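One structure is given here, and the rest of the page talks about it.
Keep in mind the model is a prediction, meaning the values are calculated, not measured.
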Protein chains: 2
Amino acid sequence: METPADPVREARLDAVFAALADPTRRAILAMLLEDDMAVTDVAAPFDMSLPAVAKHISVLVRAGLIRQDRRGRVTWCQLDPDALREASGWMLAFGQIDAIDLDGLERFLAAELAGDMVAEAGGAAPGPPGYLGKDEEVSLP
Amino acid sequence: METPADPVREARLDAVFAALADPTRRAILAMLLEDDMAVTDVAAPFDMSLPAVAKHISVLVRAGLIRQDRRGRVTWCQLDPDALREASGWMLAFGQIDAIDLDGLERFLAAELAGDMVAEAGGAAPGPPGYLGKDEEVSLP
DNA sequence: GGCATGTTCAACCATCCGGTTGACTGATGG
DNA sequence: CCATCAGTCAACCGGATGGTTGAACATGCC
């Protein structure tokens with residue numbers, strides 16, 4: 001009973017993690033993080049053929065990590081972080097045993113939130129036991 | 001981008017994401033999340049041979065996701081969340097933070113490393129537009 | 001010693017993955 | 001119209017993966 005055994009979700013996680021398990025594809029995502037790009041421009045910095053990069057892009061599309069928008073003869077690639085959010089939620093479930101606590105990020109967020117007091121008290125999820133959003137010691141003014 | 005092109009970290013991310021891209025291995029991790037287990041007990045619920053599961057375990061070990069401790073003739077498997085933490089940090093950067101935030105994070109870390117907590121003057125720190133505002137509903141796998 | 005238990009090793013097989021090249025379709029524009 | 005640019009398709013190749021089986025170590029117990 002501990003396993004919901006949701007095959008759809010499992011398949012999506014398969015696709016997302018498999019797509020992320022390649023430095024070229026992660027680099028593509030990093031590029032698209034800054035701006036939408038055409039396929040040819042995505043392929044430009046890589047030392048491989050265009051079809052190879054196009055394959056990588058199609059892997060990312062099938063994983064739901066990017067969307068493609070064909071306009072004229074160029075097809076634009078655009079990041080779609082929804083699928084990634086689901087996978088990151090899976091990882092957070094493991095982080096519950098011990099807070100993710102990646103160095104600096106938490107303090108960065110604390111700093112940002114300190115200057116901009118987001119109502120995190122109300123947004124504090126009661127379910128996940130203490131990941132972020134708890135009243136962590138904020139060492140920033 | 002400020003990508004340092006760290007090949008070691010890239011290889012680690014490769015291994016971790018590739019290890020996660022398999023439902024059997026994710027299930028193994030979920031089992032070990034509750035308790036340490038022997039290899040045979042890990043393999044018990046799966047409908048495949050013991051060597052197959054042992055291979056999956058060795059993939060997880062090589063990815064740094066679990067540790068093995070051979071005591072007597074049974075080898076105990078234990079979750080090791082460090083590697084997962086690094087990968088989840090990578091995903092957090094994409095899934096929940098926007099591009100501007102990455103730059104902000106870089107500046108923040110740079111400033112902190114410099115021991116100089118100064119806010120960038122006039123730089124108009126890009127406040128994270130709804131970082132925690134996302135209705136992040138972490139659910140168990 | 002002898003035997004059962006826990007785990008790994010070694011071949012072997014089918015399939016997938018990442019890359020190539022070459023031909024192909026389709027929109028742009030002189 | 002014809003050349004060119006953007007991108008895909010198809011076939012192919014080498015190597016990694018995921019699974020099997022059968023044998024080989026080890027160790028614990030009688």
_Does B:Ala18 reach a base, just sugar-phosphate, or nothing at all? Heavy atoms under 4.0 Å._
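Counting heavy atoms under 4.0 Å across all strands, no contact is made by B:Ala18.
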*Euclidean distance, B:Leu29 CG relative to B:Leu20 CG, rounded to 0.5 Å*: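 If we round to the nearest 0.5 Å, B:Leu20:CG and B:Leu29:CG are 6.5 Å apart.
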*Working to the nearest 0.5 Å, report the span between CG of B:Leu13 and CG of B:Asp6.*
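Output value for this atom pair is 9.0 Å.
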*Positions of residues 44-62 of chain B (non-hydrogen atom under 4.0 Å from DNA chain D), listed by number*: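 Heavy-atom cutoff 4.0 Å gives B:Met48, B:Ser49, B:Pro51, B:Ala52, B:Lys55, B:His56.
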*asked:* Contact list please: residues 63-70 of chain B against DNA chain D, heavy atoms, distance less than 4.0 Å, in numerical order.
replied: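 Output list: empty, so none.
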*Just to confirm, is there a sub-4.0 Å distance from OP1 or OP2 of C:dG18 to any side-chain nitrogen or oxygen of A:Arg25?*
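Indeed, a polar side-chain atom of A:Arg25 lies that close.
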For [X], side-chain contact (heavy atoms from CB on, under 4.5 Å) partners two or more places apart:
{"X": "A:Pro23", "result": "A:Arg26, B:Glu10, B:Asp14"}
{"X": "A:Ala54", "result": "none"}
{"X": "A:Ala52", "result": "A:Met48, A:Ser49"}

Taking distance alone, no hydrogens or angles, what donor-acceptor pairs closer than 3.5 Å link side-chain atoms of residues 56-68 of chain A to residues at least two apart or in another chain?
{"residue": "A:His56", "atom": "ND1", "partner": "A:Arg25", "partner atom": "NH1", "Å": "3.2"}
{"residue": "A:Ser58", "atom": "OG", "partner": "A:Lys55", "partner atom": "O", "Å": "3.3"}
{"residue": "A:Ser58", "atom": "OG", "partner": "A:Arg62", "partner atom": "NH1", "Å": "3.2"}
{"residue": "A:Ser58", "atom": "OG", "partner": "A:Arg62", "partner atom": "NH2", "Å": "3.4"}
{"residue": "A:Arg67", "atom": "NH1", "partner": "A:Asp80", "partner atom": "OD1", "Å": "3.4"}
{"residue": "A:Arg67", "atom": "NH1", "partner": "A:Asp80", "partner atom": "OD2", "Å": "3.2"}

For [X] and [N], what is the distance between atoms [atom1] and [atom2] respectively, to the nearest whole Å?
{"X": "A:Asp14", "N": "D:dG18", "atom1": "CG", "atom2": "P", "answer": "10 Å"}
{"X": "A:Trp76", "N": "D:dA6", "atom1": "CH2", "atom2": "C1'", "answer": "12 Å"}
{"X": "A:Arg71", "N": "C:dT28", "atom1": "CZ", "atom2": "C1'", "answer": "16 Å"}
{"X": "B:Asp22", "N": "D:dT17", "atom1": "CG", "atom2": "P", "answer": "12 Å"}
{"X": "B:Arg73", "N": "C:dG6", "atom1": "CZ", "atom2": "C1'", "answer": "6 Å"}

*Between D:dT8, D:dC5, C:dT8, which one does the side chain of A:Thr75 approach most closely?*
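Taking heavy atoms from C-beta onward, the closest nucleotide is D:dT8.
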*Scan residues 11-55 of chain A for pairs that pass ring pair (Phe, Tyr, Trp, His ring centres under 6.0 Å), counting only residues two or more places apart or in two chains.*
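For residues 11-55 of chain A, and leaving out neighbouring residues, the ring pair (Phe, Tyr, Trp, His ring centres under 6.0 Å) pairs sorted by first residue read A:Phe17-A:Trp90.
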_Checking one residue: A:Val74. Which other hydrophobic residues are in its cluster under the side-chain 4.5 Å linking rule?_
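The other cluster members (ILVMFWY side chains, heavy atoms under 4.5 Å, direct or chained) are A:Trp76.
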_Residues forming a side chain to side chain donor-acceptor pair (under 3.5 Å) with A:Asp41, sequence neighbours excluded_ =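 Side chain to side chain donor-acceptor pair (under 3.5 Å) check on A:Asp41 returns nothing, list empty.
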